[in-house]
Asker: 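Pasting a structure here, questions to come.
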2 protein chains.
Amino acid sequence: MATSGRGPRERMVFSAAQLLRRGGVAATGMREVAVHAAAPRGSLQHYFPGGKEQLVNEAVGWAGRYAGKRVARLLAALPEPTPSALFAEMVRQWTDEYETAGFAGGCPLAAATVDCAGTTASTREATAAAFAAWTAPLAAALTGMGVPGGRSDALATLMISSLEGAIIMARAEQDVRALTTVSRELGPLLDAAAGKAG
Amino acid sequence: MATSGRGPRERMVFSAAQLLRRGGVAATGMREVAVHAAAPRGSLQHYFPGGKEQLVNEAVGWAGRYAGKRVARLLAALPEPTPSALFAEMVRQWTDEYETAGFAGGCPLAAATVDCAGTTASTREATAAAFAAWTAPLAAALTGMGVPGGRSDALATLMISSLEGAIIMARAEQDVRALTTVSRELGPLLDAAAGKAG
DNA sequence: CCCATTCTATGACCATCGTCATAGGGCTGT
DNA sequence: ACAGCCCTATGACGATGGTCATAGAATGGG
């Protein structure tokens with residue numbers, strides 16, 4: 001698996017993001033990344049002279065851009081776009097994975113933040129940039145649905161915060177309850193903000 | 001610091017929880033815990049024959065009980081108890097820490113979940129129990145403020161999820177923005193649920 | 001055909017860490 | 001004083017992991 005990407009470098013970044021989700025940064029070995037990516041171990045030091053730190057930072061950046069693009073993709077697939085429907089789709093990505101593949105993986109951004117925010121400055125900056133790359137398209141989507149400009153950023157932050165926290169709770173409980181709960185409880189609030197100015 | 005607790009055992013559990021917050025499970029060494037707790041290293045194998053796994057699990061349990069008790073304490077200190085005020089106080093615990101002590105630490109439950117949920121079954125169970133020990137008193141408090149029984153659990157889950165996610169975003173951004181945002185945006189929703197049945 | 005650049009291969013080094021083994025203090029009760 | 005128990009002390013072991021050094025392919029332009 002994980003053989004789709006083009007070059008070995010890209011595959012390694014992708015695999016790193018994938019493995020980050022499971023056990024966090026420290027539990028993810030460089031050799032393990034190479035194996036998972038079906039990439040030669042010798043390429044690690046060639047493509048990532050900055051070592052593990054660089055690889056993790058790029059994986060985080062990749063994850064942030066992926067999340068940002070996914071917002072647009074989900075939005076485009078909605079029959080009638082409403083904030084609650086978008087959020088429900090974002091949540092559904094996770095409930096689907098958990099119900100079909102188990103609760104092994106979480107969000108790579110959360111993993112990198114939890115493990116590195118207090119110790120590795122460059123990785124912390126990478127996570128901040130990644131969250132920004134996720135929040136911005138989401139806020140723009142909300143604005144496009146009628147949410148006033150001043151609220152869009154706040155609601156996007158609320159959506160992502162709730163989702164991240166619910167992912168953690170779901171993994172702990174091995175139950176998607178927390179995810180479905182935040183989706184259900186937050187939906188009306190989001191749609192209300194889109195309906196009329198708040 | 002961290003010398004208040006009674007026995008060395010209790011201090012080590014407390015210190016483990018403290019250190020977990022910084023770099024996660026893998027980044028927290030047993031020797032480091034002993035040093036931080038000002039406890040003899042030889043006591044580790046004596047008090048925690050189950051090794052690191054046991055120590056981490058007890059630290060997680062301690063954190064869960066602490067969070068549960070803190071809900072009651074914050075509630076009692078509120079001049080006029082409303083759900084939004086309680087949530088604001090929960091959030092304020094974190095903004096206060098971050099503004100005075102920096103963004104070094106996150107939530108130990110999140111750290112243990114991110115690092116161990118997919119690999120260490122006993123730790124995952126400990127995190128689930130800890131979240132339950134936190135959610136239950138919170139839901140009870142909401143019920144006591146007029147939230148209908150069916151909504152209390154859901155809103156407690158929403159509050160904790162949002163808080164956990166906002167903690168992660170705040171650490172990434174080194175800014176309490178996400179925390180204050182979720183508090184402000186969620187407040188009206190919580191109070192509305194307490195006012196009349198939903 | 002050659003050379004330079006890019007990529008890969010692999011073994012070794014060193015630090016760290018969890019764990020264990022073994023032994024030593026220090027107290028209590030009799 | 002002795003026995004027994006709880007706690008502490010400390011060195012060693014084995015494993016893991018990130019990084020480095022060095023060398024070997026492979027590719028592509030001249």
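Each chain gets a letter, A, B and so on, in the order its sequence line appears, and its residues count up from 1.
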Asker: How does DNA chain D look in dot-bracket form if you count Watson-Crick and G-U pairs under 3.5 Å, write [ ] for pairs that cross, and put | where a base pairs with another strand?
Answerer: ||.||.||||||||||||||||||||||||
Asker: Let's go through A:L86 and A:L74 carefully: what are the C-alpha distance in whole Å and the side-chain angles of both, what is the deciding distance for side-chain contact (heavy atoms from CB on, under 4.5 Å) to 0.1 Å, and is it a yes or a no?
Answerer: CA-CA 7 Å; A:L86 176 58; A:L74 291 177; 4.0 Å; yes
Asker: May I ask you to evaluate whether B:H46 reaches the phosphate of D:dT8, defined as a side-chain N or O under 4.0 Å from OP1 or OP2?
Answerer: no
Asker: For the pair made of CD in A:E32 and P in D:dG17, what is the distance, rounded to whole Å?
Answerer: 7 Å
Asker: Give a yes or no on whether A:R92 atom CZ has more than 12 heavy-atom contacts from other residues, nucleotides or ligands under 6.0 Å away.
Answerer: no
Asker: Less than 6.0 angstrom from the centroid, inside 45 degrees of the normal: does B:R65 satisfy that with respect to the ring of B:F14?
Answerer: no
Asker: Just compare D:dT8, D:dT19, D:dT22 and give me whichever is closest to any side-chain atom of A:K52.
Answerer: D:dT19
Asker: If hydrophobic clusters are built by linking Ile, Leu, Val, Met, Phe, Trp and Tyr wherever their side-chain heavy atoms come under 4.5 Å apart, do B:V56 and B:V35 end up in the same one?
Answerer: no
Asker: Just checking, B:R177 and B:Y98: is the charged tip under 6.0 Å from the six-membered ring centre and within 45° of the axis?
Answerer: no
Asker: Test of understanding: clusters of I, L, V, M, F, W, Y form through side-chain heavy atoms closer than 4.5 Å, transitively. Do B:M12 and B:L20 belong to the same one?
Answerer: no
Asker: State plainly whether the residues B:R22 and B:E32 are in salt-bridge range, i.e. N to O under 4.0 Å.
Answerer: no
Asker: Between which nucleotides of DNA chain C, 5' to 3', does chain A make heavy-atom contacts below 4.0 Å?
Answerer: C:dT6 to C:dA12
Asker: Just how far, in rounded Å, is C1' of D:dC7 from CZ of B:R11?
Answerer: 13 Å
Asker: Let me see the working for A:Q54 and A:E58 under side-chain hydrogen bond (donor to acceptor under 3.5 Å, both in side chains), right down to the final yes or no.
Answerer: CA-CA 6 Å; A:Q54 181 186 357; A:E58 295 203 19; 3.1 Å; yes
Asker: Using atom CD of B:Q45 as one end and atom C1' of D:dA9 as the other, report the distance to the nearest whole Å.
Answerer: 10 Å
Asker: Whole angstroms only, please: what is the CZ-P distance between B:R41 and D:dG11?
Answerer: 9 Å
